Amino acid sequence: MGFLDHSTNNIIVDAVLTDIGRQALARNDGSFSIFQFALGDDEVDYDIIQQYGRTVGKEKIEKNTPVLEALTQGSLALKHPLVSVSNEFLTHLPTLTITTSATPVTFSRTSGTSINNVTIEISTTTGVEIEFDLLDAELMIEMNNIFLSISGESPDVIFTDNTAVYRFPTDQETTSDTISTRIPLQLKNFSNTVFNTYSVSGASFIRTYVKITGLNSGLSKTFEVQIS
């Protein structure tokens, strides 16, 4: 959802169902139920705070920031969700690290449906445990369903723009200062016609991206994949 023109003192909220939500509602079998919601600050430019300070910067953000219209495409909405933490004395936020065998990650179609293992690590300053509210038991992984998949896993949802979303478990160390997992990223079979359609202009490879997001921490990173 999004806030519409707030040039007056009235606050108008524009709320729409995503395409997936509309499909669930259209089933009309009683299974459709809204049980949670999330808020985000996709439109906010925090450089304004650095430039004008907290007091003036906050006022400029509130009055001058254009707000996006609500989107029905779930894969495009809420890129930067807000995180709630109950500990008011929190001093450290975790960081997310992605380790790959090469940058960008590369696949060759001549090698068949090869697998590249991508290592994900979420950690804090040495000796500081990750706040309980921010422990990510699962990661949300988004990728193009035409080209890539996770070996042995099925996506939770596939959006109309072919973005597949997976929920993938993590491992937590006993010290609670590191969370890690290894994602077996797999190349799919697809035709030469598809390859030629999506290849980079003037090049002989496809460029696509994979996005990793912590379900609790909200940490997010994207890495590039090239398919030749």
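Index from 1, following the sequence. Everything numeric here is computed off the predicted structure, so don't read it as measured data.
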Shortest non-hydrogen contact from Leu187 toward Ser108: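 Between these two residues, the closest heavy atoms are CD2-O, 3.9 Å.
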Nearest heavy atoms of Ile120 and Ile98, plus distance in Å: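 Scanning both residues completely, I find the closest heavy atoms to be CD1-CG1, 3.7 Å.
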Heavy atoms, side chains only, cut-off 4.5 Å: are [X] and [Y] in contact?
X: Leu134; Y: Leu90; result: yes
X: Met143; Y: Thr208; result: no
X: Thr99; Y: Glu121; result: no
X: Thr119; Y: Asn117; result: no
X: Tyr209; Y: Pro104; result: no
X: Val194; Y: Ile206; result: no

Working to the nearest 0.5 Å, report the span between [atom1] of [X] and [atom2] of [Y].
X: Tyr52; Y: Ile61; atom1: OH; atom2: CD1; value: 11.0 Å
X: Met140; Y: Tyr166; atom1: CE; atom2: OH; value: 14.0 Å
X: Ile212; Y: Phe168; atom1: CD1; atom2: CZ; value: 9.5 Å
X: Ile183; Y: Thr181; atom1: CD1; atom2: OG1; value: 6.0 Å
X: Ile49; Y: Lys58; atom1: CD1; atom2: NZ; value: 9.0 Å
X: Thr178; Y: Ile122; atom1: OG1; atom2: CD1; value: 10.0 Å

Test side chain to side chain donor-acceptor pair (under 3.5 Å) applied to Ser217 and Asp136, step by step: CA-CA 6 Å; Ser217 66; Asp136 291 312; 2.6 Å; yes
side-chain hydrogen bond (donor to acceptor under 3.5 Å, both in side chains) partners of residues 192-205, not counting sequence neighbours, each pair once: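 Every side-chain hydrogen bond (donor to acceptor under 3.5 Å, both in side chains) pair that includes a residue of residues 192-205, provided the two are not neighbours, is Arg109-Asn192.
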Full working for side chain to side chain contact (heavy atoms under 4.5 Å, CB included) between Val210 and Val105: CA-CA 10 Å; Val210 177; Val105 176; over 6 Å; no
Exercise answer: donor-acceptor pairs, residues 219-227 side-chain atoms, under 3.5 Å, sequence neighbours excluded:
unit_1	atom_1	unit_2	atom_2	d
Lys221	NZ	Leu96	O	3.0
Glu224	OE2	Arg207	NE	3.1
Glu224	OE2	Gln226	NE2	2.8

Donor-acceptor pair, side chain of Asn116 and main chain of Thr106, under 3.5 angstrom: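 Side chain of Asn116 to backbone of Thr106: a pair is present.
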Side-chain donor-acceptor pairs of residues 144-159 under 3.5 Å, sequence neighbours excluded:
unit_1	atom_1	unit_2	atom_2	d
Asn144	OD1	Ile146	N	2.8
Asn145	OD1	Lys188	NZ	3.0

Full working for side chain to side chain contact (heavy atoms under 4.5 Å, CB included) between Asn87 and Phe132: CA-CA 9 Å; Asn87 180 8; Phe132 179 78; over 6 Å; no
